[in-house]
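Presented below is the structure to which this report refers.
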Number of protein chains: 4
Amino acid sequence: MRNIIAENTEQMFILVITDKRIRILIAAETLINQSGLEAVSIHRVAKQAKVATGTIYLYFKDKDELMAELHDRNLRLFAEAFLSGVENAQSLQERHRRLWLNALHYHQENVNVQRLWVHLETLPKNAHHKALIQELFEPVKLFFRSGVEQGCFKPLPSEMLYALAFGQILEICRFSYLREVKFTKQDMDAALLASWDAITVHP
Amino acid sequence: MRNIIAENTEQMFILVITDKRIRILIAAETLINQSGLEAVSIHRVAKQAKVATGTIYLYFKDKDELMAELHDRNLRLFAEAFLSGVENAQSLQERHRRLWLNALHYHQENVNVQRLWVHLETLPKNAHHKALIQELFEPVKLFFRSGVEQGCFKPLPSEMLYALAFGQILEICRFSYLREVKFTKQDMDAALLASWDAITVHP
Amino acid sequence: MRNIIAENTEQMFILVITDKRIRILIAAETLINQSGLEAVSIHRVAKQAKVATGTIYLYFKDKDELMAELHDRNLRLFAEAFLSGVENAQSLQERHRRLWLNALHYHQENVNVQRLWVHLETLPKNAHHKALIQELFEPVKLFFRSGVEQGCFKPLPSEMLYALAFGQILEICRFSYLREVKFTKQDMDAALLASWDAITVHP
Amino acid sequence: MRNIIAENTEQMFILVITDKRIRILIAAETLINQSGLEAVSIHRVAKQAKVATGTIYLYFKDKDELMAELHDRNLRLFAEAFLSGVENAQSLQERHRRLWLNALHYHQENVNVQRLWVHLETLPKNAHHKALIQELFEPVKLFFRSGVEQGCFKPLPSEMLYALAFGQILEICRFSYLREVKFTKQDMDAALLASWDAITVHP
DNA sequence: GATGAATGAGCCTTCATTCAT
DNA sequence: AATGAATGAAGGCTCATTCAT
């Protein structure tokens with residue numbers, strides 16, 4: 001179990017998710033995206049995953065663990081999306097641009113995920129979780145550090161640079177999504193540049 | 001009724017809140033800050049406010065209305081804190097500095113409020129609510145606009161400038177609160193300057 | 001108190017109901033007719049009667065007493081409607097006709113009253129209530145008794161004759177109201193005659 | 001599941017109801033008969049049925065559905081009792097006699113059922129419900145129709161004949177049950193004949 | 001007499017979790 | 001491993017009734 005197998009080993013035509021664990025996580029995710037966080041009840045997750053209620057408790061100790069694993073999964077997915085197309089060979093500014101746009105697009109497309117995060121972030125974190133974040137965002141840390149070393153970025157802890165570079169994005173999404181403020185393509189480009197201005201050293 | 005009276009008429013030592021409405025709102029707030037959003041049940045709010053369950057429904061149509069009014073209240077309190085000490089006579093940069101620090105301190109001291117906001121923001125907004133936000137943040141809007149007119153700020157919608165100027169703050173608080181990252185006084189000063197860099201025009 | 005007074009003693013132009021007791025009863029009645037029996041809460045009755053909640057308890061021991069008095073009132077109103085235009089001078093058949101039509105019209109116009117009755121009838125009856133019924137329907141009893149004495153009606157207790165003569169009416173109303181069965185004028189006339197057939201002696 | 005099993009396989013002495021659905025319905029019925037309609041709370045039904053509160057919601061969407069199914073069940077039981085021993089081979093008068101007595105006995109033994117009906121009848125009816133009534137009482141309809149065709153019954157819609165033939169029964173039961181009027185065997189026989197007089201053609 | 005704010009028991013319903021099969 | 005019926009605590013809300021004013 002616990003793997004995604006190809007039904008046909010010769011040619012990868014059909015992918016069926018046999019792993020109940022993942023099916024359950026995806027079901028929960030689907031419910032969140034469709035109807036928000038409070039729509040997630042074990043009963044509904046089971047139905048959505050086409051699994052018996054009790055089965056969920058074979059894979060997760062309790063609801064909290066299920067949610068925590070969902071958090072993990074989403075962090076992974078976000079990290080992947082965030083870092084996609086970002087290579088060490090690229091210039092600092094190019095990498096910054098890609099990261100920024102990746103984050104923007106991810107948040108534009110996963111509005112409800114924010115709520116999950118905010119919800120989960122306040123729960124007591126276990127060591128594993130912190131280690132995961134460390135690991136996932138290591139490349140970003142390195143990116144900031146090398147920018148600092150090159151004298152291009154302000155000499156600040158990478159967490160602070162992260163906040164300065166990407167902190168506006170959630171706010172921007174909140175404006176466009178919740179308050180129906182429309183930003184133009186030019187506005188967005190300007191925001192990207194402003195993010196760059198925020199982290200770089202100025203004469 | 002509905003007033004805050006001083007128990008001691010000579011000197012205002014003890015303030016007793018007679019107004020049940022506000023007592024209930026504060027009780028709910030307290031619960032949120034102590035134990036998070038899901039700790040808010042009508043029963044618990046009533047207990048905290050030292051009031052019978054039914055009493056809450058004399059002051060609020062239902063739980064949604066209670067939460068919405070809590071949102072209102074918090075927006076007001078935030079707006080007040082945010083704008084405190086900010087005068088038109090001050091220079092743009094001085095005003096920016098005060099706003100930024102005000103927001104920072106507010107969020108540092110009201111960590112759970114974030115969760116309330118994120119929760120409430122997804123609920124359907126009524127016209128009253130939108131008008132309130134417009135009204136409360138009008139001075140901020142004017143601040144950004146005049147900065148743009150003076151050629152000091154980037155020529156962007158005030159909402160975007162808001163996101164660029166203050167969007168990092170929540171992220172910074174999240175880092176210090178949730179992930180226990182410690183920032184120095186110097187880091188904070190640098191962040192304030194970075195925020196200024198983000199919104200101002202560069203040669 | 002407890003009376004209906006004419007505002008202007010010279011000329012009876014305006015009748016204002018000063019009697020809170022009756023205002024409350026009418027309010028309860030209105031609620032039943034508008035929204036059914038379960039719409040009757042003390043709070044709503046008070047609002048409808050434009051009276052404070054507590055005031056109701058000055059006039060009625062508790063809700064049960066209010067309902068019982070409502071029952072009384074309705075019995076009186078029904079008896080009045082039932083007997084209207086019925087005179088001893090009229091022939092038996094003429095009186096039967098009037099009673100039958102009166103009952104029919106009353107029930108057609110007061111559909112919800114049935115539910116009130118059925119509801120109230122199961123409550124424990126006090127002596128006063130039984131006496132009231134005796135008193136109100138005494139004329140009907142006499143009508144049946146004199147019919148029996150004249151050899152026109154079947155020699156049965158007047159209660160039984162009552163059931164035979166008027167028992168169909170509720171059923172007829174139920175059909176037309178609830179099951180949307182439409183009866184013609186001729187059907188109704190036939191029903192009236194059938195009622196007569198039921199109680200009279202046949203050769 | 002969902003069956004009635006005999007505890008003792010040799011001889012059917014003890015019948016234990018395994019079917020929770022029916023156990024719940026019977027529990028509700030029992031409560032109505034014991035203490036009236038307002039005694040029916042989900043909590044009490046659960047207790048009576050020796051079942052957890054939540055269990056009821058496994059079998060019924062909500063209280064309304066439970067009540068509606070109770071209505072169905074009672075209609076069926078009544079129809080069965082009403083039509084029992086009535087055969088097409090019997091004369092019209094014999095069939096009338098049996099129907100009348102069946103209805104009488106049913107109502108004498110199920111006094112509170114009336115209240116349930118009156119309560120439920122005012123709820124909005126769904127198509128299923130109307131169809132059920134049509135189906136259950138089809139034989140009665142045919143009985144009246146054939147009586148009309150044979151020139152024995154008055155030429156009226158079968159619903160009207162139903163009201164004329166059986167409408168007194170509820171009233172009779174109300175008198176004996178609620179007002180403690182005692183009718184003799186002879187009175188009852190006379191009432192049966194009066195019912196026959198009401199629906200038949202007279203020269 | 002009159003008010004209406006306050007009470008808390010009780011209502012319907014949902015949900016995380018368990019356990020016999 | 002998998003099921004899903006069963007549980008009962010807890011949720012939001014209503015209501016008859018009381019009592020200080």
Side-chain angles (χ1 to χ4, degrees), chain A residues 1-2 20-21 24 38-47 49-67, chain B residues 1-2 18-21 24 38-47 49-67, chain C residues 1-2 20-21 24 38-47 49-67, chain D residues 1-2 18-21 24 38-47 49-67:
Chain A
M1 287 295 150
R2 239 218 214 216
K20 292 245 171 78
R21 191 183 192 75
I24 292 165
E38 40 285 325
V40 181
S41 80
I42 293 292
H43 193 79
R44 269 197 283 263
V45 170
K47 218 163 115 188
K50 290 187 175 158
V51 141
T53 330
T55 304
I56 292 183
Y57 288 85
L58 294 176
Y59 293 94
F60 305 92
K61 190 168 77 46
D62 56 15
K63 200 190 179 187
D64 282 354
E65 193 180 291
L66 166 55
M67 296 307 265
Chain B
M1 288 292 153
R2 248 226 211 202
T18 357
D19 190 334
K20 291 252 167 72
R21 190 185 192 77
I24 291 165
E38 40 286 323
V40 181
S41 82
I42 292 292
H43 190 76
R44 268 196 285 261
V45 171
K47 219 163 116 186
K50 291 192 173 151
V51 142
T53 331
T55 304
I56 292 183
Y57 290 87
L58 294 177
Y59 295 93
F60 305 92
K61 193 169 73 46
D62 54 18
K63 200 191 178 186
D64 282 356
E65 194 181 290
L66 166 55
M67 296 307 265
Chain C
M1 287 294 150
R2 243 222 212 212
K20 293 244 171 78
R21 192 184 192 76
I24 291 165
E38 40 285 323
V40 180
S41 81
I42 292 292
H43 193 79
R44 269 197 284 262
V45 171
K47 218 164 115 186
K50 288 187 177 158
V51 141
T53 330
T55 305
I56 292 184
Y57 288 85
L58 295 176
Y59 293 93
F60 305 92
K61 191 169 76 47
D62 56 15
K63 200 189 179 187
D64 282 355
E65 194 180 290
L66 165 56
M67 295 307 265
Chain D
M1 286 294 152
R2 251 226 212 202
T18 359
D19 191 332
K20 291 250 169 71
R21 190 184 190 78
I24 291 165
E38 39 286 322
V40 181
S41 82
I42 291 292
H43 190 77
R44 269 196 285 261
V45 171
K47 217 164 116 186
K50 290 190 175 154
V51 141
T53 330
T55 304
I56 292 183
Y57 290 87
L58 295 177
Y59 295 94
F60 305 93
K61 194 168 73 46
D62 55 17
K63 199 190 178 186
D64 282 356
E65 193 181 290
L66 166 56
M67 296 307 265

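Every value quoted in this text rests on a predicted model; they were computed, and no experiment measured them. Just so we're on the same page: letters track the sequence lines, and every chain starts at 1. The figures that follow rest on heavy atoms only: side chains count, while hydrogens, waters and symmetry mates do not.
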Requested in this report: Could you run through nucleotides 13-21 of chain E and give me one letter per nucleotide, 5' to 3': B if any protein heavy atom sits under 4.0 Å from the base, S if only the sugar-phosphate is that close, - if neither?
Outcome: BBSSBB---
Report summary line: Residue set satisfying side-chain contact (heavy atoms from CB on, under 4.5 Å) with A49(A), at least two apart, ordered chain then number -> I24(A), A27(A), V51(A)
Requested in this report: Rounded to the nearest angstrom, tell me the gap between atom CD1 in I24(B) and atom C1' in dA6(E).
Outcome: 11 Å
Report task. Report the distance from atom CZ of R21(A) to atom P of dA1(F), rounded to the nearest whole Å. Result -> 12 Å
Requested in this report: Of all the heavy-atom pairs spanning A46(A) and I56(A), show the shortest one and how long it is.
Outcome: N-CD1, 3.7 Å
Query raised in the report: Could you state the CZ-C1' distance from F60(B) to dC13(F), rounded to the nearest angstrom?
Result: 15 Å
Requested in this report: Whole angstrom is fine here: how far is it from CG in L58(A) over to C1' in dG4(F)?
Outcome: 12 Å
Report task. Return the minimal non-hydrogen interatomic distance between R21(A) and Y59(A), and the atom names on each side. Result -> NH1-O, 2.9 Å
Query - E38(B) to R44(B) - nearest heavy-atom pair and separation - result: O-NH2, 3.8 Å
Query raised in the report: Can you find a pair of side-chain heavy atoms, one from L66(B) and one from V40(B), that are under 4.5 Å apart?
Result: no
Report task. Please state how far atom CG in L66(D) lies from atom P in dC12(E), giving the value in whole angstrom units. Result -> 10 Å
Requested in this report: Would you write the dot-bracket representation of DNA chain F, where each base gets (, ), [, ], | or . depending on whether it forms a Watson-Crick or G-U pair under 3.5 Å and with which partner?
Outcome: .||||||||||||||||||||
Requested in this report: Check whether any side-chain nitrogen or oxygen of K20(D) sits under 4.0 Å from OP1 or OP2 of dA6(F), and answer yes or no.
Outcome: yes
Requested in this report: Specify the separation, in whole Å, of atom NZ of K50(D) and atom P of dT7(F).
Outcome: 13 Å
Query raised in the report: Taking only residues two or more places apart in sequence, or in another chain, which ones meet E65(A) in a side-chain hydrogen bond (donor to acceptor under 3.5 Å, both in side chains)?
Result: none
Query raised in the report: Among dA5(F), dG8(F), dG4(F), which nucleotide sits nearest the side chain of Y59(D)?
Result: dA5(F)
Report summary line: Rounded to whole Å, NZ of K47(C) lies from C1' of dA16(F) at a distance of 17 Å
Query raised in the report: Nearest heavy-atom pair of I42(A) and Y57(A): which atoms, and what distance?
Result: CG1-OH, 3.7 Å
